[in-house]
Colleague: 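Please see the structure below; I have some questions.
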Amino acid sequence: MLGLGSALLLTACGGSGKDTDGGVTADAGTDADAGGGTPGFNPLWIPPTLSGADLALSLAPSSKQLRAGAATPTYAYNGGELWGPTLLLTKGETVRIDVTNHLTEDTTTHWHGVHLPAGMDGGPHQVIAPGATWSPSFEVKNNAGTYWYHPHLHMTTMAQLNLGAGGFIIVRDAAEAALPLPRTYGVDDLPLVLTSRRFNADNSISTATIYGDYLLANGTPNAEVALPAQFVRLRILNAEIERAYDLGFADGRTFHVIGTDGGLLSAPVAVTRLLMAPGERYELLVDLTAEAIGASLTLQSFNRGQPFGFPGGETATSGEFGSLLNNTTFDVLRINVAAATTDGITALPATLVANTYWTAADATNARTLNITDMGPGTPFTFDGVGFDHATINQTVTLNAIEQWTVANGRIFGHSFHIHDVQFAIVSRSTGPVPEHERGWKDTFFVRIGESVSFVARFDDYASPTDAFMYHCHMANHEDGGLMGQFLVVA
Ligand code: C2O
Ligand code: CU
């Protein structure tokens, strides 16, 4: 990592977003853009990687030059400026991760989407005090895919995420390695975490809003990246507090979804738009084989015209639920096409990995969670009960295959997430489950008035005392009590 002093000031003038004020600066991380750079854009920062059986993360206050003027105070892992290193794990290996808290407040570190014992999960119960180190150890049982880590301390998840605490986890396995897919990290296989922030006059990150005004791709404002003229893989994470994205390219081109939250699909699915709620990940293949060197294309989020209930569809531009990005189509990433690499992928694989998903017929028990509220201005809850550390809300028998239905109320959309398992979505009350959503999932968007059902097997890990969580992944809703906990018992 380079020092902050090396940051280069540029003027924000590119893109079709609503960036109207201030300068932005080039990032002081790994520069994925080999070219000279487009005026008004900054090279997309690519997080460094960590691998091996013994890993160490440390969370500390930091700062990053995100705009003209003062650097923005942030939280970052391992001496970075914002966000953290990407953990590269291999299915079947056992890892130990030492997580040290150099903040002046408590934190936790949750391995989102990773199947492990509840006591290693890093949820609200595994508190890491200032100065302390927490050392979970677990076997990597997940399929190759894109997961992530982030703080999960009840009532402070939103604040710590807002300051930039988080990181990717990429799991590799033999089935994925056997496929002709792009997998050169940072070259044709990019992690891409999307979020946005509002800034106070002193450039600190505003805590008065749940929607940012300025998009950050890997913590980079107005990001651009040079990608080779071949098939490229984007591992996208929506790490917003509340905003959802409806992603697509400005030229309307088709791209392919190859992976969902919990691993690769059975075959690529062609789409032109991709809805992503907070916490969700999708792996995409984008075909750049026919592009001229020097051409550019823009990934955008088509949030203009989204109805109320779609997070970010609101029309307010200021206030707690306002944002300059609300109800607009805004730029996410500019891609500049560069020369192909010698071993690049030039064809779309016809099939990916063999998956056998659970169906409704497999389930031997069913539960329903209703998303409720107590009237205007009150927090959302499950079945009228806010999160309570001392209450176990559900108890599941080890190895049970269950169908859970999340039934939303009439107020707003939500992003439901459950720990421990990867599930199959078996129905949506509003219509068919889209093909690209028919993979292993741990998080999904649920619309106003919609009921979504999924089936999961709660295998491997039981404990009479250590609970797993389920919650809305909109951190403001989670912190407000839209969270419950469950035990898996033998
Ligand atoms: Cu990404 Cu319970 O969290
Ligand atoms: Cu919610």
Side-chain angles (χ1 to χ4, degrees), residues 83-84 87 107-116 118 120-126 142 145-158 160-162 165-169 193-195 210-211 237-244 261-262 276-281 308-314 320-321 369-373 378-383 386-387 389 393-394 406-423 441-450 452 466-486:
W83 201 240
L87 309 185
T107 191
T108 79
T109 306
H110 168 57
W111 322 105
H112 180 128
V114 180
H115 179 50
L116 39 59
M120 308 291 174
D121 197 36
H125 302 285
Q126 285 89 42
N142 285 73
T146 304
Y147 307 87
W148 62 304
Y149 58 92
H150 62 79
H152 207 315
L153 186 65
H154 186 49
M155 311 282 278
T156 64
T157 297
M158 175 175 160
Q160 294 185 353
L161 271 181
N162 204 34
F168 278 100
I169 300 171
V193 50
L194 304 181
T195 190
I210 46 91
Y211 292 128
L237 160 65
N238 179 345
E240 287 275 10
I241 303 301
E242 179 164 320
R243 175 180 284 109
D261 300 329
M276 292 190 70
E280 287 192 291
R281 290 88 62 212
F308 184 79
F310 179 98
E314 297 92 328
E320 184 185 0
F321 299 104
L369 303 173
N370 295 290
I371 297 180
T372 47
D373 68 277
T378 63
F380 294 106
T381 52
F382 287 112
D383 297 301
F387 176 69
H389 264 281
N393 305 91
Q394 314 285 336
V406 179
N408 197 6
R410 296 263 148 209
I411 306 294
F412 205 68
H414 296 279
S415 184
F416 181 86
H417 169 54
I418 186 169
H419 294 204
D420 182 31
V421 294
Q422 292 289 333
F423 52 74
K441 294 281 291 165
D442 57 48
T443 307
F444 57 82
F445 185 57
V446 52
R447 293 171 176 79
I448 289 178
E450 188 182 34
V452 182
D466 293 326
F468 292 106
M469 318 307 293
Y470 58 86
H471 56 94
C472 180
H473 216 291
M474 297 169 181
N476 52 322
H477 295 176
E478 171 191 333
D479 280 345
L482 189 49
M483 179 158 72
Q485 50 187 336
F486 66 100

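Order of appearance sets the numbers: ligands from 1, and atoms from 1 within every ligand. The figures that follow rest on heavy atoms only: side chains count, while hydrogens, waters and symmetry mates do not.
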Colleague: Strictly under 6.0 Å, is that where the ring centroids of F380 and F412 end up?
Modeller: no
Colleague: From H419, does some N, O or S atom reach closer than 2.8 Å to atom 2 (Cu) of ligand 1?
Modeller: yes
Colleague: With a 6.0 Å cut-off on ring centres, are H125 and H389 close enough?
Modeller: yes
Colleague: What is the ND1(H112)-atom 1 (Cu) of ligand 1-NE2(H150) angle, to the nearest 10 degrees?
Modeller: 130°
Colleague: Quick check: does C472 put an N/O/S atom under 2.8 Å from the Cu ion (ligand 2)?
Modeller: yes
Colleague: Which is it for D479 and H154 under the side-chain hydrogen bond (donor to acceptor under 3.5 Å, both in side chains) test, yes or no, and what are the steps along the way?
Modeller: CA-CA 6 Å; D479 280 345; H154 186 49; 4.7 Å; no
Colleague: Is atom 1 (Cu) of ligand 1 under 2.8 Å from any N, O or S atom of H473?
Modeller: yes
Colleague: Can you tell me if an N/O/S atom from H152 lies under 2.8 Å from atom 2 (Cu) of ligand 1?
Modeller: yes
Colleague: Step by step, would you call Q485 with N393 a side-chain hydrogen bond (donor to acceptor under 3.5 Å, both in side chains)?
Modeller: CA-CA 5 Å; Q485 50 187 336; N393 305 91; 4.9 Å; no
Colleague: If you round to 10 degrees, what value do you get for the angle at the Cu ion (ligand 2) between H477 atom ND1 and H414 atom ND1?
Modeller: 100°
Colleague: Just to verify, which of E240, E242, R243, E320 counts as forming a side-chain hydrogen bond (donor to acceptor under 3.5 Å, both in side chains) with Y211?
Modeller: E242
Colleague: Testing H152, H110, H414, H417 for ring pair (Phe, Tyr, Trp, His ring centres under 6.0 Å) with H473, which one passes?
Modeller: H417
Colleague: Quick one: report the N, O or S atom of H471 that is nearest to atom 2 (Cu) of ligand 1.
Modeller: NE2
